K.L.:
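Questions regarding the structure given below will be posed in turn.
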2 protein chains.
Amino acid sequence: MLDNDLILDKTDLHILRLMQDNARISNADIAREIGMAPSGVLERVKKLEQKGVIMQYTAAINPAALKQNMLAFIAIKANEAPGNIETTKYLAAIPEVQEVHHVAGDDCYLVKIRTYDSASLVGIMRNHLSKISSIVSTRTTIVLETVKEQQQLVIPKA
Amino acid sequence: MLDNDLILDKTDLHILRLMQDNARISNADIAREIGMAPSGVLERVKKLEQKGVIMQYTAAINPAALKQNMLAFIAIKANEAPGNIETTKYLAAIPEVQEVHHVAGDDCYLVKIRTYDSASLVGIMRNHLSKISSIVSTRTTIVLETVKEQQQLVIPKA
DNA sequence: ATTGAAAAACATTCAGA
DNA sequence: TCTGAATGTTTTTCAAT
């Protein structure tokens, strides 16, 4: 999936824009919006899913509603052979870790992690990070307030 | 919305888990899964939306499909009066900026930004960031590879 | 790639418990 | 809160283009 045969036309982009903003929009509504038959829309949506353009439909849940009020970024330095991915595999397997990026520069990895509070963050660092022998050092940045947080992409009109 | 009258019971958490994993699941399927009538599920879902627990339904689109292959984090130092939110307002208004966090420590803000390439990143920094007079300095971290990226929360069973 | 028709499944409302 | 019945709508398939 997601090969070179993915030429997204104006209609595909329109569908993506609608579904990115409201994943629970009905095919019928999409069809009305873009002036196509519902069955045609369904075909296109299925193709977008199957090509890996649409990766998932998800409900964005308010972390505060689940009392998950701690958000932190951890910059991690690791001493491992280039191409070795043991560290990232371990980091990605931690459920509270939302993002793991391999970054350029001094710090090898940047990890985004969401927990209930500072105690549970420390708990994860103790129980998980300290068990990863390749980790040389960590630098934790605590988020005081999140002003904007969205995964939505800028989708061009054409 | 999202007051103190949000006591999420086991059923609510089950619904949230299902919808977080697949926002396009039908009410009927949720009803079957949790052993309730579809109309009852609908009521609960509407209440979760109205209380602000469910913030949005969104399709996660593969950035590569839109040729958006540059991801960067920018740490921004700003000299502004505490409580002044002009800088964050400006940052959040940039469409390519997916996240703006006010963080503890030396760097005041952490911004996540997704663009086509390094040229378009530089373009945004020139056209937007350099116009914000309160910004003292920026430190950009380029993502080489994203290993994990999800906004999904850990939802407890009860 | 798209349509339109047809059947099955679904969403939504509302009275009643 | 929840159910169950009722109605209108949607989804999905498929033959045809």
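Because the structure is a prediction, the values reported are computed rather than measured. Every chain is numbered from 1 and lettered A, B, ... according to where its sequence line falls, protein lines coming before strand lines. No hydrogens, no waters, no symmetry mates; every other heavy atom, side chains included, goes into these values.
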K.L.:
Between C:dT12, D:dT10, D:dT12, which nucleotide gets closest to the side-chain atoms of A:N27?
P.N.:
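Among the listed nucleotides, the one closest to the side chain of A:N27 is D:dT12.
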K.L.:
May I ask you to decide if the ring planes of A:H102 and A:Y109 are parallel, tilted or perpendicular, using 30° and 60° as cut-offs?
P.N.:
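The arrangement is tilted - the two ring planes meet at 30° to 60°.
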K.L.:
Group every Ile, Leu, Val, Met, Phe, Trp and Tyr by side-chain heavy-atom contacts under 4.5 Å, then state whether B:V103 and A:V97 land in the same group.
P.N.:
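No, separate clusters.
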K.L.:
Quick one: which of D:dT10, D:dT3, D:dT13 gets closest to the side chain of A:L42?
P.N.:
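Nearest nucleotide to the side chain: D:dT13.
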K.L.:
Would you indicate which nucleotide in C:dT3, D:dC2, C:dC10 comes nearest to any side-chain atom of B:R32?
P.N.:
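When the side chain of B:R32 is considered, C:dC10 is the closest of C:dT3, D:dC2, C:dC10.
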K.L.:
Base, sugar-phosphate or nothing for B:S39? Non-hydrogen atoms, less than 4.0 Å.
P.N.:
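B:S39: base contact, heavy atoms under 4.0 Å.
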K.L.:
Return the nearest nucleotide to the side chain of B:A37; candidates are D:dT11, D:dT3, C:dC10.
P.N.:
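Ranking D:dT11, D:dT3, C:dC10 by closest atom to the B:A37 side chain puts D:dT3 first.
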K.L.:
Please classify the nucleic acid contact of B:R24 as base, sugar-phosphate, or nothing, using heavy-atom distances under 4.0 Å.
P.N.:
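B:R24: no heavy atom of the nucleic acid under 4.0 Å.
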K.L.:
To the nearest Å, how far apart are A:Q50 CD and C:dA1 C1'?
P.N.:
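Checked: the CD to C1' distance equals 15 Å.
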K.L.:
May I have the distance from A:I25 (atom CD1) to D:dT9 (atom P), rounded to whole angstrom?
P.N.:
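From A:I25 CD1 to D:dT9 P: 17 Å.
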K.L.:
Is there a path of hydrophobic side-chain contacts, each under 4.5 Å between heavy atoms of I/L/V/M/F/W/Y residues, joining B:L48 to B:L18?
P.N.:
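In one cluster: yes.
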K.L.:
May I have the distance from A:I30 (atom CD1) to C:dT2 (atom P), rounded to whole angstrom?
P.N.:
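So the CD1-P distance, A:I30 to C:dT2, works out to 14 Å.
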K.L.:
Would you kindly compare A:M36 and B:S26 by the position of their nearest DNA chain C nucleotide and give the one closer to the 5′ end?
P.N.:
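Per heavy-atom nearest nucleotide, the more 5' residue is A:M36.
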K.L.:
Determine: side-chain N/O of A:K47 to OP1/OP2 of C:dA1, distance under 4.0 Å, yes or no.
P.N.:
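Yes, A:K47 has a side-chain N/O under 4.0 Å of OP1/OP2 on C:dA1.
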K.L.:
Can you find a heavy atom in the side chain of B:K67 that is under 4.5 Å from one in the side chain of A:L8?
P.N.:
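Heavy-atom side-chain distance check fails, nothing below 4.5 Å.
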K.L.:
Report the nucleotide, chosen from C:dA1, D:dT10, D:dT12, that has the shortest atom-to-atom distance to any side-chain atom of A:P38.
P.N.:
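Nearest listed nucleotide: D:dT12.
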K.L.:
Nearest whole angstrom, please: distance from the C1' of D:dT9 to the CG of A:D29.
P.N.:
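Spelled out: CG on A:D29 to C1' on D:dT9 is 10 Å.
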K.L.:
Compare the minimum distances between each of C:dT3, C:dC10, D:dT1 and the side chain of B:R44, then state the nucleotide with the smallest one.
P.N.:
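Between C:dT3, C:dC10, D:dT1, the one nearest the side chain of B:R44 would be D:dT1.
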K.L.:
Thinking salt bridges, do B:E149 and B:R114 make one under a 4.0 Å N-O criterion?
P.N.:
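Between B:R114 and B:E149 there is a salt bridge, with a charged N closer than 4.0 Å to a carboxylate O.
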K.L.:
With a 4.0 Å limit, can you tell me whether A:K46 has a side-chain N or O closer than that to the phosphate oxygens OP1/OP2 of D:dT11?
P.N.:
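No, A:K46 has no side-chain N/O under 4.0 Å of OP1/OP2 on D:dT11.
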